[in-house]
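One structure is given here, and the rest of the page talks about it.
Numbers for residues simply follow the sequence, beginning at 1.
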Amino acid sequence: MITRSSIRSKIDKLWLEFWQGGITNPLTVIEQITFLMFIRLLDIAESRNEKKAQRTGKPFDRLFSAKQQHLRWHQLKNLGADALLKTMRDEVFPHLKDIAGAESTFGRYMNDAMLMIQKPSLLVKALELIDDLPLDKGDTKGDLYEYLLSKLTTAGINGQFRTPRHIIRLMVDLMEPKPTDRIADPACGTAGFLVSVMENLLERYTSTQGIVEEVNDGEKVKVFTGDLLEPYRKHIQSDMFHGFDFDVTMLRIAAMNLMLHGVDNPAIEYMDTLSNRFVEDKKLSRFAKDHFDLVLANPPFKGTLDYEAVESGLLRTVKTRKTELLFLALILRMLKLGGRAAVIVPDGVLFGSSNAHTDLRKALIDDNQLEGIIKLPAGVFKPYAGVSTAIIIFTKGGKTKDVFFYDVQADGKSLDDKRDDIPENDLPDVRTSWANRLVPRDPKEQAALARDPEYRHMAQGATIPRVLGVPKSNPDYFDRKAKAFFVGVEDIRTAEYDLSINRYRETVYEEVKYEPPHAILKKLKALNEAEAKDLIGLEGMLR
């Protein structure tokens with residue numbers, strides 16, 4: 001039986017082989033493993049198509065010609081070490097580039113593929129270990145690749161590329177993506193947000209009958225088949241997920257990550273989304289404006305660009321060189337009217353006093369609907385950064401009325417460099433508070449909501465119930481001494497558009513009662529007398 005622990009054990013062995021073989025850069029290791037996984041997946045796909053063709057009698061576009069059959073995985077793994085290295089270097093990788101030129105699903109991300117493994121013995125061992133991985137099983141290969149990517153977190157500075165998975169999932173849960181949405185991440189890295197959306201949809205769109213229980217590591221685990229997603233499969237496979245980055249290694253990893261989570265043809269594109277090329281590119285320019293229903297991102301911040309490197313339209317929106325402000329302006333433009341976004345920003349975005357900071361916050365509040373500010377603990381990105389951050393949630397267009405604030409003080413992990421699991425965790429309450437922020441208290445209104453056909457459909461197989469917007473805020477949330485509370489838009493305007501939570505939260509001071517001074521003095525005298533007696537006794541013992 002394939003268990004989660006056995007998969008992780010295989011990945012650990014593979015990782016160790018690369019390090020012992022002299023390849024120690026974590027990104028290079030993952031890239032090379034990704035290439036080898038692609039090569040095996042090509043053979044799996046070819047075999048699947050061959051079997052389908054035998055059943056249906058219909059031809060298909062082959063990935064390997066009759067003269068290239070020796071380049072397939074099941075043939076390669078039988079070669080000797082020297083022959084394997086030569087075949088991989090001189091034939092297999094050039095073939096990957098040919099496939100890339102043909103824009104096939106697997107090949108388009110392999111155009112610059114290069115074999116970095118120079119030791120024949122390492123290549124043989126790597127093929128043996130990858131051949132033993134469950135790449136042909138859709139319910140396990142996603143876990144496999146997630147664990148492989150977790151090596152970035154524990155392998156030094158490259159961990160900065162990854163947003164903590166539980167924070168990603170929180171943001172996705174709050175946004176409740178729909179299977180008809182077009183979703184983007186303008187700085188996608190390893191595609192963690194997009195993968196989490198797929199996981200969220202599988203959970204929410206699986207009927208009771210579609211949940212399969214399996215045993216992993218001795219524990220029962222629920223597998224969500226997503227049977228209610230069937231009408232949306234074509235959209236999900238080819239038009240739902242859009243990721244952009246200008247690091248080719250990240251693009252390859254992102255593409256593999258999505259494919260191993262069941263998205264066969266994700267739109268992962270090489271593009272610096274802050275540059276003029278994004279609006280000028282004939283193929284991608286349509287994505288730059290009024291295109292997406294949902295954007296989820298943790299874009300690079302604390303960076304400064306030259307004005308010449310930034311797309312001129314963004315500079316007309318917000319005159320700045322700071323990447324965190326430019327990405328917010330970009331995301332606003334990428335969204336269609338009514339589209340929503342959840343974005344991680346450094347705290348400075350919330351209270352910065354420059355014209356650019358203030359103008360951007362004004363645009364979010366006066367010209368759009370700012371929905372929420374969720375303050376995260378300062379240690380969320382440790383050990384790589386101690387910067388204070390927040391999640392900002394907004395809708396393009398609409399009208400800001402009351403802004404939801406939440407002060408997260410614990411995220412289930414210690415806020416030091418170790419980030420060990422701890423019992424204190426506000427994230428479940430964030431989900432509950434956010435979901436309940438628009439639920440009517442009146443029983444009649446609640447009954448009307450329950451009768452809504454869209455709500456009933458969403459709740460049928462949902463593990464995270466969807467709450468439709470009801471224009472009646474929960475009055476319990478106007479207590480600014482609580483972790484969750486609302487602030488009216490006029491209060492924010494009066495505060496010169498300051499969005500820092502400490503500007504509005506009311507701190508409760510508990511009066512500390514002290515004993516009367518004479519009682520404290522009496523205790524001190526008693527302690528001094530007891531100390532003097534002890535010293536006299538000690539002196540007597542020394543005599």
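- A side-chain contact (heavy atoms from CB on, under 4.5 Å) with Leu148 is found for exactly one of Thr190, Leu14, Ile30, namely Ile30.
- Leu294 CG to Glu176 CD: the interatomic distance, rounded to the nearest 0.5 Å, is 11.0 Å.
- Atoms OG1 and CG, from Thr320 and Leu325 in turn, are 4.5 Å apart once rounded to the nearest 0.5 Å.
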Taking it one step at a time, do Thr358 and Glu496 satisfy side-chain hydrogen bond (donor to acceptor under 3.5 Å, both in side chains)? CA-CA 8 Å; Thr358 305; Glu496 298 180 348; over 6 Å; no

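- Comment: Arg505 engages Asp407 in a salt bridge, judged by a side-chain N to carboxylate O separation of less than 4.0 angstrom.
- With Thr323 contributing its side chain and Pro300 its backbone, the two residues share a donor-acceptor pair below 3.5 Å.
- Salt-bridge formation is detected for the pair Lys375/Asp347: a Lys NZ or Arg NE/NH1/NH2 atom is positioned less than 4.0 Å from an Asp or Glu carboxylate oxygen.
- Annotation: the span from Leu370 atom CG to Asp402 atom CG amounts to 11.0 Å, rounded to 0.5 Å.
- Looking only at side-chain heavy atoms (C-beta outward), Asp173 and Trp434 stay at 4.5 Å or farther from each other.
- No side-chain heavy atom of Phe193 sits under 4.5 Å from any side-chain heavy atom of Cys188.
- If you take CG on Leu376 and OH on Tyr406, they are separated by 11.5 Å, rounding to the nearest 0.5 Å.
- Panel note: side chain Thr273, backbone Pro186; a donor-acceptor pair is recorded below 3.5 Å.
- For CG of Asn502, the number of neighbouring non-hydrogen atoms (other residues, nucleotides, ligands) closer than 6.0 Å is 12 at most.
- Heavy-atom contacts from other residues, nucleotides or ligands closer than 6.0 Å to NZ of Lys119 number 12 or fewer.
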Let's go through Asp416 and Ser414 carefully: what are the C-alpha distance in whole Å and the side-chain angles of both, what is the deciding distance for side-chain hydrogen bond (donor to acceptor under 3.5 Å, both in side chains) to 0.1 Å, and is it a yes or a no? CA-CA 6 Å; Asp416 54 18; Ser414 62; 2.7 Å; yes

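- The closest side-chain heavy-atom distance from Lys399 to Gln369 is not below 4.5 Å.
- Under a 3.5 Å cut-off, the side chain of Thr28 and the backbone N or O of Ile23 do not form any donor-acceptor pair.
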Show your working on side-chain contact (heavy atoms from CB on, under 4.5 Å) between Leu326 and Leu315 and close with a plain yes or no. CA-CA 8 Å; Leu326 290 167; Leu315 293 176; 4.2 Å; yes

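- Glu17 places none of its side-chain heavy atoms less than 4.5 Å from the side chain of Trp15.
- Residues Ile392 and Leu364 form a side-chain contact, since some pair of their non-hydrogen atoms from C-beta on lies under 4.5 Å apart.
- Counting all heavy atoms, side chain and backbone alike, Gly226 lies closest to Thr206 at N-OG1, 2.7 Å.
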Might you work through the salt bridge (Lys or Arg N to Asp or Glu O under 4.0 Å) test for Glu203 and Arg169, ending with a clear yes or no? CA-CA 12 Å; Glu203 292 181 14; Arg169 187 57 196 259; 2.9 Å; yes

Could you walk me through whether Ile183 and Val295 pass the side-chain contact (heavy atoms from CB on, under 4.5 Å) test, one step at a time? CA-CA 6 Å; Ile183 302 171; Val295 173; over 6 Å; no

Kindly determine whether Asp366 and Arg361 satisfy salt bridge (Lys or Arg N to Asp or Glu O under 4.0 Å), including the steps that lead there. CA-CA 8 Å; Asp366 293 344; Arg361 294 196 300 268; over 6 Å; no

Walk me through whether Tyr504 and Asp498 qualify under side-chain hydrogen bond (donor to acceptor under 3.5 Å, both in side chains). CA-CA 9 Å; Tyr504 305 103; Asp498 190 326; 5.3 Å; no

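- Taking CE from Met271 and CZ from Phe246, the interatomic distance works out to 11.5 Å, rounded to the nearest 0.5 Å.
- Looking only at distances, no side-chain donor or acceptor of Arg165 sits under 3.5 Å from a matching main-chain atom of Gly192.
- Going from atom CG of Asn200 over to atom CG of Leu202 covers 9.0 Å, rounded to the nearest 0.5 Å.
- Ile391 has its side chain out of reach of Val345: every pair of non-hydrogen atoms, C-beta onward, lies at least 4.5 Å apart.
- Of all the heavy atoms in Gly348 and His357, the pair that sits closest is O-CD2, 3.3 Å.
- Salt-bridge check for Arg480 with Asp491: passed, with a basic side-chain N closer than 4.0 Å to an acidic carboxylate O.
- More than 12 non-hydrogen atoms from other residues, nucleotides or ligands lie less than 6.0 angstrom from CD of Glu515.
- By the 4.5 Å heavy-atom criterion applied to side chains, Lys483 and Val408 are not counted as neighbours.
- Formation of a donor-acceptor pair under 3.5 Å by the Asp245 side chain with backbone atoms of Gly189 is found in this model.
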Salt bridge (Lys or Arg N to Asp or Glu O under 4.0 Å) between Lys413 and Glu424, intermediate numbers included: CA-CA 8 Å; Lys413 296 182 181 294; Glu424 293 78 20; over 6 Å; no

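- Pro299 has its side chain within reach of Val343: a pair of non-hydrogen atoms, C-beta onward, lies under 4.5 Å apart.
- Classification of Asp132 and Lys10 as a salt-bridged pair holds, one side-chain N sitting under 4.0 Å from a carboxylate O.
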Working for side-chain contact (heavy atoms from CB on, under 4.5 Å), residues Ile365 and Val403: CA-CA 9 Å; Ile365 292 167; Val403 180; 5.7 Å; no

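- Using modelled atom types, one side-chain atom of Asp426 and one backbone atom of Gln409 make a donor-acceptor pair closer than 3.5 Å.
- Using modelled atom types, one side-chain atom of Ser275 and one backbone atom of Asp272 make a donor-acceptor pair closer than 3.5 Å.
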